[in-house]
Every structure is written in structure tokens, then in C-alpha cells.
S.K.: 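Next up is a structure, given as C-alpha cells.
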Amino acid sequence: MLITLTTDFGYRDSFAGIMKGVIKQINPDAEVIDLTHGVPPQDIMAAALTLRHSVPYFSDGAIHVVVIDPGVGGTRRPLLIECEGNYFIGPDNGVLSLTVRNKQKLVIELTNSEYFLQPTGSTFHGRDIFASVAAHLSRGVPIGAFGSASPNIIELQVHEVVRNQNVLVGEIIYIDGYGNLFTNIDEQDLGSLPCNQIHIAVGSTSIRDLKASYDSVEVDQLTAVVNSWGVLEIAQCNGNARQRCGAKVGDRVVVTCVAKSSGGF
Amino acid sequence: MLITLTTDFGYRDSFAGIMKGVIKQINPDAEVIDLTHGVPPQDIMAAALTLRHSVPYFSDGAIHVVVIDPGVGGTRRPLLIECEGNYFIGPDNGVLSLTVRNKQKLVIELTNSEYFLQPTGSTFHGRDIFASVAAHLSRGVPIGAFGSASPNIIELQVHEVVRNQNVLVGEIIYIDGYGNLFTNIDEQDLGSLPCNQIHIAVGSTSIRDLKASYDSVEVDQLTAVVNSWGVLEIAQCNGNARQRCGAKVGDRVVVTCVAKSSGGF
Amino acid sequence: MLITLTTDFGYRDSFAGIMKGVIKQINPDAEVIDLTHGVPPQDIMAAALTLRHSVPYFSDGAIHVVVIDPGVGGTRRPLLIECEGNYFIGPDNGVLSLTVRNKQKLVIELTNSEYFLQPTGSTFHGRDIFASVAAHLSRGVPIGAFGSASPNIIELQVHEVVRNQNVLVGEIIYIDGYGNLFTNIDEQDLGSLPCNQIHIAVGSTSIRDLKASYDSVEVDQLTAVVNSWGVLEIAQCNGNARQRCGAKVGDRVVVTCVAKSSGGF
């Protein structure tokens with residue numbers, strides 16, 4: 001049974017390794033895969049987006065554990081969600097919400113301490129609750145045993161793209177390790193524009209046209225592609241667009257339709 | 001058989017991957033888990049603490065390999081220690097000492113080159129000796145085959161907490177990737193104070209009271225908790241206490257008992 | 001079947017985790033080992049050297065996937081190479097070339113989209129082509145099924161060491177996470193010098209003699225060793241030679257033979 005881990009633990013400490021130890025003690029046959037432990041500290045949105053765009057590449061029945069958990073030990077609830085044959089375990093702070101949105105799901109609040117490590121501390125539920133519950137679940141414990149159904153969860157909101165005639169106004173929602181700027185503008189949004197040529201502006205920078213690949217421009221030039229998440233991305237060929245543009249998450253991105261006949265701008 | 005790896009190799013190079021290749025060549029059934037490869041370079045104390053607080057979460061019989069080894073190729077001895085049903089492999093520089101202290105143990109100096117890679121270099125014993133020995137051990141080679149008993153090992157010392165009437169004087173011993181400040185003051189030390197309210201000072205910063213969770217203060221405020229190691233930790237809610245306090249390992253932390261009746265300070 | 005991954009994805013994102021999901025969906029029995037995901041972005045030479053010096057420590061029959069791929073989606077070809085019983089999968093940009101040079105090999109261009117993920121995007125062939133092909137290969141699909149033989153590949157060139165009487169002129173070719181400076185001068189080059197004592201110069205820094213271990217000099221002093229790649233390395237005892245020397249890849253390193261009778265310099 002496959003268990004994935006997504007956390008903001010970073011790579012300096014042994015926190016992720018400890019979670020694997022807990023899992024393996026309970027279920028030696030579990031197989032653990034790191035999605036990433038490099039989510040920026042406390043960045044719930046980055047983790048939620050990462051999870052949403054990773055889950056489709058895993059087998060049905062996988063257990064996805066997410067520990068971006070600044071509210072650990074406080075009033076936020078620990079959750080187990082079954083959704084379309086997959087399982088999601090983590091805090092109720094929105095981090096699971098984008099992945100299960102608009103889908104049939106069963107939400108359980110983890111209240112049965114029989115499946116927690118004892119003693120259960122208040123600062124590392126990744127170890128004491130989430131890893132332990134994931135391991136028991138992977139051994140076949142039915143999800144109803146972990147707590148009671150509790151359908152309402154905290155929902156994150158990704159801003160919607162605004163369309164105004166021949167213009168799309170979106171924003172940067174994620175920046176990857178290369179410095180590529182991921183936007184909330186997807187292929188469908190781009191397809192809805194009544195033109196074949198577009199112009200993309202982020203801050204004071206503007207880019208002409210979508211390209212099929214990063215190297216379709218000269219080295220160090222900015223380019224725009226539809227990326228592996230299926231969204232508009234601004235990248236620098238062999239470089240770092242974040243540094244180049246001084247961009248950050250939330251910055252506005254404007255796509256303007258260029259009339260086919262205009263010939264330039 | 002489970003083998004864990006703890007090193008200061010970082011994540012840029014393939015050194016940890018190479019150790020896994022060596023292990024798998026010798027024992028394809030071995031399962032390798034990374035505790036962390038992010039120990040600060042040559043920081044023996046950080047690795048020793050990491051190991052001590054991670055081992056309890058792994059199954060009995062696990063083999064823990066630790067390669068923080070600035071003395072590689074010199075006179076420091078390579079060791080294999082059996083202790084309470086677990087195995088520890090690494091250099092004799094103190095890095096294993098905190099985990100096996102005050103416990104029954106059998107210490108073997110690794111002298112039998114039959115279980116080393118050939119040729120055996122002088123700069124990467126993680127590959128040529130420690131990974132190779134761990135893999136052979138995981139296949140059932142008896143520990144006496146690797147060398148001779150050699151009971152004395154180099155011991156690290158964690159400074160002791162000093163208690164003076166109603167005051168505990170300790171220090172920062174570890175700083176995690178979030179910037180949380182771990183002290184040498186544990187739950188028992190705190191429990192020994194004759195009061196329910198305490199005041200914690202680190203440098204020019206002071207914090208009132210222990211809290212149960214990080215988010216029991218406002219965002220960006222400092223707080224103090226008993227953390228997942230069971231020690232007093234100073235943290236910043238959704239922030240980085242190391243940066244906030246300009247703190248470093250070795251800085252003094254003073255816990256002062258506040259009389260219940262005083263009502264404030 | 002063992003599959004290794006070497007990429008420049010870094011550790012912030014889930015790209016490597018996604019590749020593992022793809023592999024496991026196709027072949028649940030595949031075992032995946034990370035060589036490293038910390039290759040500097042787009043640094044084809046660093047990855048090529050890393051691969052060359054890691055492969056010998058893995059079992060025959062391993063599948064090594066390398067994704068340093070700035071040309072993804074463009075005209076560069078995706079390759080599968082069989083060489084001395086091992087398999088190499090990655091882009092035709094030179095990243096595989098150092099490992100298979102001067103060896104019998106069969107090179108296949110990956111053209112059979114039956115073994116790609118569908119739809120196949122243009123920005124993440126690590127996911128859509130390389131991981132997918134590696135997984136199918138690990139299940140026993142014969143390599144001829146993935147495309148047609150295509151013997152010529154792009155070759156990287158490591159500069160050769162120049163020997164001039166009693167002097168070797170080489171350069172820094174790789175810098176590891178410790179800041180150790182790896183040169184292109186190997187044991188054989190050093191052995192060819194007609195003397196037992198040498199003097200090593202990098203920039204304005206000079207070092208006397210090869211040592212057997214890092215700690216054979218005082219802390220913070222520079223030293224020179226033959227390292228785990230079998231090449232001359234300049235290191236700082238318990239420190240970072242890159243920072244100390246302000247060195248970078250490509251910097252010249254000169255080894256000068258010192259007459260045995262000279263007694264000093």
C-alpha cells in the first residue's frame with residue numbers, strides 16, 4: 001500500500017524520517033514516497049496546489065498524508081478524507097480542500113486515540129497522529145474506526161481569472177524551484193480568447209506569444225508556456241523568472257488578445 | 001531489514017544515493033530510509049541529538065548508519081555498536097554516543113576489511129565501509145565478524161541545566177529548519193520548579209508562560225512549548241525564532257519561576 | 001528492478017515524487033532510488049559527472065533516469081541507451097555521454113508514444129516520457145520496442161589535463177555541497193609526475209603536498225586529497241574551500257612537481 005508524504009519540514013531535520021519509522025513499525029509492508037518536504041514553511045496554499053497536481057499520477061487507493069500544520073495542538077481538527085478511491089490525511093486548514101473539491105467524499109474527524117501514538121504530544125501530529133493513522137489505514141482498518149463523519153471542511157480559495165472582453169486578468173499562484181511563475185490561467189481560459197496571438201504582462205515585463213517549449217526563445221529571454229499543471233507559466237530560458245521579474249505569489253498577470261490582423265504591438 | 005541513513009552530505013550530490021547503491025548490491029532486500037542528509041556540515045552534536053530523538057520511532061533491530069565524519073581516513077575508528085536490540089554504525093567521534101549512553105552495549109571496531117568495498121578509499125567511508133558493513137549486517141553476518149570488541153568510545157557532552165533556587169539556566173542545543181530553538185531544559189526540569197507560571201528569557205527577549213501549541217499566541221509572537229523531543233522550545237508563531245532572536249546554538253536560556261500570587265512581572 | 005533518478009528539480013516541488021507515482025502505477029514492483037535532485041538548474045555537466053561516478057556502485061541491470069532537460073519539448077531527442085548491462089534514459093544533450101563513452105552501447109531514440117503518458121505535454125518529459133519508459137522497461141519490454149536505433153549522441157567534453165615537463169595544468173570540474181573542489185586531474189595524472197612531492201595552486205592559493213585525509217591539516221587549513229571520484233580535490237578542513245578560495249567550475253589548477261632534494265619552497 002502506497003503512502004505519500006507532503007510537508008514543510010524541509011531537509012535539515014529528521015522529522016520526515018521519523019514519520020517513516022512510525023509507519024514502518026505499524027505496517028512494515030507500507031511503501032512510503034516523498035512528494036516533497038520542501039513546501040515553504042506554513043504555506044498551506046502551496047501545499048494544497050502541489051497535492052492537487054500530484055495526486056492524479058498515483059495509483060487508486062493511495063494514502064496521501066499532508067503536514068503543513070501551523071495550528072497543530074490547537075483547535076484545528078485532524079482529518080481523514082476518502083475521495084474517489086484515494087485517502088487524504090492532514091489538518092483541517094484547507095490544505096486538502098483543493099484536491100477533493102466538487103467530488104464525492106467522506107470526511108472523518110480523527111478522534112479515536114486508539115490509533116494515535118501514545119503519549120500524543122501537541123507539537124508533532126505528523127508523527128503522533130497522521131503517520132500512525134495512515135499506517136493503520138494501510139493495514140485495512142476501516143475509515144469509520146478512526147472517528148465520526150464530519151462533512152464540513154475549511155476551504156481554500158484560488159482567485160478566479162477575470163475576463164473582460166479580450167483580456168484575462170489572473171495572478172501568480174505558485175513559483176517552483178526553477179523560479180518559474182505558475183498562474184491561475186489555464187488552457188481553457190486561454191482557449192476562450194478570440195485570437196491566436198496573445199501578449200502576456202507581469203509587472204513591467206511583457207512577453208509575446210505562447211511557446212511550445214522553454215528553449216524556443218534565446219537563453220535568458222522570458223517565455224510563456226502551458227506547463228505540466230496545464231496552466232500558463234512564465235519562465236526564463238535557462239534562468240530564473242522569479243529573480244528576473246522580482247515576482248511573487250499574488251502578482252497580477254494580464255493576457256491580452258492581439259488581433260490576428262494587427263501584425264505587431 | 002531496515003537501514004536508516006543520517007549524514008551531512010546535503011542534497012546537491014549523489015553521495016547518499018551511492019550508499020544506497022552499495023547497500024542494494026550487497027543486500028537487495030534491505031530497505032533504506034533517510035533520516036536526514038541535511039545535518040550542517042561537520043556538526044557532530046546536531047547529528048547525535050537527531051539520532052537520539054529519532055531512534056525510538058523505529059522498529060527493534062533497525063540498523064542506523066551515521067556519517068558525519070570530518071576525521072575520515074585519519075585515526076578515528078569506524079564503529080559498530082549493538083545496543084538494546086538496535087545497531088549503530090559510524091565513526092568514533094561522539095556522534096553515536098548520546099543514543100547509547102547509560103545503556104548496555106557491545107562496541108565493535110570495524111577492522112575486518114573483508115566486509116569493506118575494495119579498494120577502500122580514505123575520503124568516503126560512508127560508501128566504502130559503513131554502507132557495506134550495514135548491508136552485510138542486514139544479511140545476518142554476526143557482529144563479531146566485523147572486528148573486535150572495543151568498549152570505550154568518544155563521548156559528547158550536552159551541558160547540564162543549572163538549577164539555582166527558582167531559576168533554571170540552560171542553553172539552546174539545536175535549531176530546526178523552521179528556526180525553532182530547542183533547549184536542553186526538559187519536562188522534568190520544568191516540573192521540578194515550585195510554581196505554575198514561568199518566564200523564559202533568551203538574549204534580550206522574554207516570553208511569558210509555556211503554551212500547549214504554537215498558535216496559542218498571535219502570528220509573529222514568540223511562544224514557548226514542550227516540543228516533540230520533550231524539551232523546552234522557543235518558537236515564533238508562523239515565523240522563524242532564530243532570525244527573530246538572532247539566536248544560535250549555545251545561547252543561554254533562563255527560566256524563572258513566577259510566584260502564583262504575584263499576578264505579573 | 002532498480003530505477004535511479006538524477007534531476008535538477010530541487011526539493012521544493014513534487015516533480016520527483018510525481019515521477020515515482022508514474023513509475024509505480026506502471027510497475028508497482030519497481031524500486032526507485034534518488035541519486036540526487038540537487039543538480040544545479042540546467043547544469044548538464046554536473047549531472048553527467050555525477051552519473052558517471054555513481055553508476056559503478058549500482059547492480060548490473062539498473063535503469064538510470066536523468067532529467068536535466070532545458071531543451072524539453074524542443075528538438076532535442078529523448079534517448080534510451082543500453083550499455084554494459086545497464087540502461088540510461090534521458091535527453092540527448094550530453095548528460096548521458098560521459099557514462100557510456102568508449103563503451104559498447106545501443107542507442108534508441110524514444111519515438112514509440114505507446115509507452116508515453118497520454119496526453120504527452122511539452123514541459124515535463126521526466127514525467128510523461130522518461131519515467132513512463134523506465135517503468136515499462138523495468139517490466140521487461142524489450143528496448144527495441146521503444147524506438148529505433150540511433151547511434152550518434154551529443155557528447156560533452158571534459159577538458160583534458162595538459163602536461164608540460166613537471167607541471168600538470170587542469171581545472172575545477174565540480175564543486176560538491178561541502179564546497180570541496182574536484183579537478184579533472186586523476187590519480188594516473190599524478191602518478192605520472194617524476195617526483196614524490198607536489199605543490200598545488202588554485203588562483204592565488206597554494207597547497208603543499210597531497211594528504212591521505214581531510215584532517216591531516218589543522219582546522220580551517222586547505223588540503224589536497226585524491227577523493228572518492230579518484231581525482232585531485234582541494235578541501236578545507238572542517239570548512240568550505242569554495243568560499244575560502246572564491247573558486248568556481250572552470251578555474252585553473254596547477255600541480256607542480258617539487259624535486260625531492262629541494263627540501264622546501
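In what follows, chains carry the letters A, B, and so on, assigned in the order in which the sequence lines appear, proteins first and then strands, with residues in each chain numbered from 1.
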S.K.: Checking heavy atoms, do the side chain of B:Asp8, its backbone, both or neither come under 4.5 Å from chain C?
M.R.: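 For B:Asp8, heavy atoms of backbone and side chain both lie under 4.5 Å from chain C.
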
S.K.: Contact part of B:Arg127 toward chain C, heavy-atom cut-off under 4.5 Å: side chain, backbone, both or neither?
M.R.: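 For B:Arg127, side-chain heavy atoms alone lie under 4.5 Å from chain C.
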
S.K.: Given heavy-atom pairs under 4.5 angstrom as the criterion, report whether the side chain, backbone, both or neither of C:Asp176 touches chain B.
M.R.: both

S.K.: Drop me the distance from B:Phe182's CZ to B:Glu233's CD, to the nearest 0.5 angstrom.
M.R.: 4.5 Å

S.K.: For chain C, which candidate among B:Gln25, B:Met19, B:Gln42 shows the most heavy-atom pairs at distances under 4.5 Å?
M.R.: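 Answer, by heavy-atom pair count under 4.5 Å with chain C: B:Gln25.
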
S.K.: Would you compute the distance between atom CH2 of C:Trp229 and atom CG of C:Asn184 and round it to the nearest 0.5 angstrom?
M.R.: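 Answer rounded to 0.5 Å: 11.5 Å.
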
S.K.: Relative to chain C, which segment of B:Ile23 carries a heavy atom at a distance below 4.5 Å: side chain, backbone, both, or neither?
M.R.: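 For B:Ile23, neither part sits under 4.5 Å from chain C.
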
S.K.: Could B:Arg77 and B:Glu109 be called an ion pair, given the rule that one side-chain N must be under 4.0 Å from one carboxylate O?
M.R.: yes

S.K.: Measure centre to centre between the rings of C:Phe124 and C:Phe9, then say whether the value is under 6.0 Å.
M.R.: yes

S.K.: Measuring heavy-atom distances to chain B, does C:Tyr11 have an atom under 4.5 Å in its side chain, in its backbone, in both, or in neither?
M.R.: side chain

S.K.: So for atom CD, which belongs to B:Gln118, do other residues, nucleotides or ligands contribute more than 12 heavy atoms lying within a distance under 6.0 Å?
M.R.: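 Yes.
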
S.K.: Sort out for me which of B:Gly121, B:Ala16, B:Ser14 touches chain C most, counting heavy-atom pairs under 4.5 Å.
M.R.: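 Among the listed options, the one with the most contacts to chain C is B:Ser14.
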
S.K.: Quick check on the structure: residues of residues 52-61 of chain C within a heavy-atom distance below 4.5 Å of chain B, by number.
M.R.: C:His53, C:Ser54, C:Pro56, C:Tyr57, C:Phe58, C:Ser59

S.K.: Given that the side chain runs from C-beta out, which part of C:Leu35 has a heavy atom under 4.5 Å from chain B: side chain, backbone, both or neither?
M.R.: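 For C:Leu35, heavy atoms of backbone and side chain both lie under 4.5 Å from chain B.
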
S.K.: C:Leu49 versus chain B, heavy atoms under 4.5 Å apart: side chain, backbone, both or neither?
M.R.: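 No part of it gets close to chain B.
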
S.K.: Using 30° and 60° as the class boundaries, would you call the ring planes of B:Tyr115 and B:His136 parallel, tilted or perpendicular?
M.R.: perpendicular

S.K.: Give a yes or no on whether the backbone of C:Leu232 and the side-chain of C:Thr183 come within a donor-acceptor separation of less than 3.5 Å.
M.R.: yes

S.K.: Might you work through the side-chain hydrogen bond (donor to acceptor under 3.5 Å, both in side chains) test for C:Asn180 and C:Tyr174, ending with a clear yes or no?
M.R.: CA-CA 8 Å; C:Asn180 296 330; C:Tyr174 185 85; over 6 Å; no

S.K.: Using a strict cut-off of less than 4.0 Å between a Lys/Arg side-chain nitrogen and an Asp/Glu carboxylate oxygen, indicate whether B:Lys24 and B:Asp29 qualify as a salt bridge.
M.R.: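 Not counted as a salt bridge, because no side-chain N and carboxylate O are separated by less than 4.0 Å.
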
S.K.: Against chain B, label C:Thr50 side chain, backbone, both or neither, depending on which of its atoms sit under 4.5 Å from a heavy atom there.
M.R.: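 Backbone plus side chain of C:Thr50, per the 4.5 Å heavy-atom cut-off to chain B.
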
S.K.: Specify which of B:Gly10, B:Ala131, B:Ser122 makes the most heavy-atom pairs with chain C at under 4.5 Å.
M.R.: B:Ser122

S.K.: One pair to check against side-chain hydrogen bond (donor to acceptor under 3.5 Å, both in side chains): C:Ser138 and C:Asn27. What are the steps and the verdict?
M.R.: CA-CA 7 Å; C:Ser138 74; C:Asn27 184 0; 2.7 Å; yes

S.K.: Any chance CD of B:Glu155 has more than 12 other-residue heavy atoms, nucleotides or ligands included, within less than 6.0 Å?
M.R.: yes

